[in-house]
Structure formats: C-alpha cells, structure tokens
2 protein chains.
Amino acid sequence: MERDFFDEAKTFKAFCDEKRLRILALLLDGEKCVCALNEEMDLPQSTLSYHMKILCESGVVEGRQEGKWTHYSISVQGIGGAAETLKRYVPKGVIQLGDEGCCASL
Amino acid sequence: MERDFFDEAKTFKAFCDEKRLRILALLLDGEKCVCALNEEMDLPQSTLSYHMKILCESGVVEGRQEGKWTHYSISVQGIGGAAETLKRYVPKGVIQLGDEGCCASL
DNA sequence: TTGTCAAATCAAATTGTCTTGATTTGAGGA
DNA sequence: TCCTCAAATCAAGACAATTTGATTTGACAA
C-alpha cells in the first residue's frame, strides 16, 4: 500500500501556520461566524478567507452556510484523522499505550 | 496561559511537506544514516540535509553522530508531543476515548 | 429589480520555502 | 600534517505560500 504523502501533507498544512493555529484556538470555544473571527484576528477579510479555505481543505474545519453568514467550526473527525495519521509515524514495536485498541478512535 | 503558536507550528512543519513525510516513512524501519536516506530518496545531498534539519528542529527526528556518519531516527517522544498538541485542538466537552487518562502519554 | 451586506475570489506584489552546486567543517586514516 | 570522505552550511535562484485592495458572488430586504 502506497501512502498518499501529498494528502497527508495537506492535512498538516492546517497546523503548520501560526495564524491558522490561532484561528483553531478561537474555534475551540465553538462555532463562529467569519465576522466574529475577523474581529478577534485583526486581519483583512480576504486574508482570513484565504486561511479558512486552507483549514477547510485540510479537513480540520467545517463551514456551515446560514443565509449571508458562514459559520466555521472544528471538525473533531478531522482532528481525529490527523492524529490517526500522526500515529502511523511511530515505529512498530515501540511499546505504547493505546495499541490494544482503547484509543483506536483517536 | 498563552499558547506558543509559533512553536506549535514549528512542530508540524515536519509533517506538512511531502518529501519530509517520505523521509519519516523511511525512518519507520529504524535508524538510518544520511547516505542510506540519500540513496532511497534520490535527492542531492544538500537538499536532504536541509530537510533533515527541519525534521530535527521540529523535534520529531533525532540525529546521532558516529564518527563521520550521522544516523537519524524518529523520536517517539517527538511524535507523541505532536499528538498531544493536536489533541488540544479538540473542543472541550466532546465525548472522546482517552480523556480519562488511559492515553495520557500519547 | 435594486441596494446592501457577508464572504469568496481575483490579481499583483511581497515574503518565505525549497533546491542545488560550491564551499566548509570535522572525523578518521595514511 | 595532509588527504579523504560524510555531512553541514552557504548563497543564489527557482518556486510556492501569503498578503491585500479591488472585484465578484450570492442571500436577503426594500
């Protein structure tokens, strides 16, 4: 089985930028609309939009349209997928909690 | 407590590049010296060296000097730290396995 | 339909990352 | 010491990501 390194890299694009991490941290409080993020991030609207797109494409953030507004929230599944991917970079044979299945979902 | 987003981003720099993921995948087999990686990656020596530096700075890879040779290996602790960081981006209140401590080390 | 507003997209400039040959460093061995 | 070799560093150019004002889109109200 060939790994899709391109896709895996894409997932982590979300986390390798300071501003995007800050946005994610704001979304920890729950779903927020762009205008709210805009105020808290102090960035031009287009810049924020750019980062939101990358966050969505990486799968860790989801957007929800409601009339004129777009609400963004963290995708728990998306983060879980990233964690799952990360785990695959731990060499086999390393004794580690969770290998028996208790953390299979993370 | 202020998060050090810069440092967190640095950690994930390791995983957001296709070539670095490929290098990590090669290191899953165990410690390897640069010359071995060089053959398998088919990259100029200086290019590989550049990526190894980023991998080390992100904390997920460790280098070990042995005479003229440098051996690199995956740092299980480093990957664990990254996973730990990732987990902090899961919103509170989301029901999830591992919250009771069984996966505290991951 | 026309206007308004939130948000996405565009395009051009800036900034940052990556690539690579050349050079340097540093550990042996002759 | 001097040479050789592995690997790091340097420096310049190529390439990719980011920034931003301007423009477009699409939803709703008048």
Completion exercise
To the nearest angstrom, the CE-C1' distance between B/Met41 and C/dT20 comes to 15 Å
Exercise for the section: Would you verify whether the NZ or CZ of B/Arg20 falls within 45 degrees of the ring axis of A/Tyr89 while also being under 6.0 Å from that six-membered ring's centre? Expected result: no
Exercise for the section: Rounded to the nearest 0.5 Å, what's the gap from OH on B/Tyr72 to NE2 on B/His51? Could you check? Expected result: 13.0 Å
Practice task
Take A/Cys16 and B/Met52, find for each the nucleotide of DNA chain D with the closest heavy atom, and name the residue whose nucleotide sits nearer the 5' end.
Solution key: B/Met52
Problem - Atom-to-atom span, NZ of B/Lys53 to P of C/dT19 - whole angstrom - result: 16 Å
Exercise for the section: Check whether any side-chain heavy atom of B/Val60 lies under 4.5 Å from a side-chain heavy atom of B/Leu55, and answer yes or no. Expected result: yes
Exercise for the section: Starting from P on C/dC5, measure out to CD on A/Gln65 and report it in whole angstrom. Expected result: 18 Å
Practice task
Using whole Å, report how far CZ of A/Arg20 lies from P of C/dG16.
Solution key: 14 Å
Handout entry: Any A/Pro91 side-chain heavy atom under 4.5 Å of B/Leu28 side chain
Key = yes
Problem - B/Glu18, CD atom: more than 12 neighbouring heavy atoms under 6.0 Å - result: yes
Practice task
Please figure out whether B/Trp69 or A/Lys68 has its closest DNA chain D nucleotide nearer the 5' end.
Solution key: B/Trp69
Problem - Enclosure of A/Glu57 CD (heavy-atom neighbours >12, cutoff 6.0 Å) - result: yes
Problem - Within residues 43-50 of chain B, residues whose heavy atoms come under 4.0 Å of DNA chain C - result: B/Pro44, B/Ser46, B/Thr47, B/Tyr50
Exercise for the section: Using a strict cut-off of less than 4.0 Å between a Lys/Arg side-chain nitrogen and an Asp/Glu carboxylate oxygen, indicate whether A/Glu66 and A/Arg64 qualify as a salt bridge. Expected result: yes
Fill in the blank from the handout: Bounded by its outermost nucleotides with an atom under 4.0 Å from a heavy atom of chain A, the footprint on DNA chain D reads D/dA17 to D/dC28
Handout entry: Spacing between B/Arg64 atom CZ and C/dA27 atom P, to the nearest angstrom
Key = 16 Å
Exercise for the section: Please state whether the rings of B/Phe12 and A/Phe15 are parallel, tilted or perpendicular, taking 30° and 60° as the class boundaries. Expected result: tilted
Without placing hydrogens or testing angles, list every side-chain donor-acceptor pair under 3.5 Å for residues 35-47 of chain A, not counting sequence neighbours.
residue, atom, partner, partner atom, Å
A/Glu40, OE2, A/Lys32, NZ, 2.7

Exercise for the section: Give one of base, sugar-phosphate or nothing for A/Leu37, where a contact means two heavy atoms less than 4.0 Å apart. Expected result: nothing
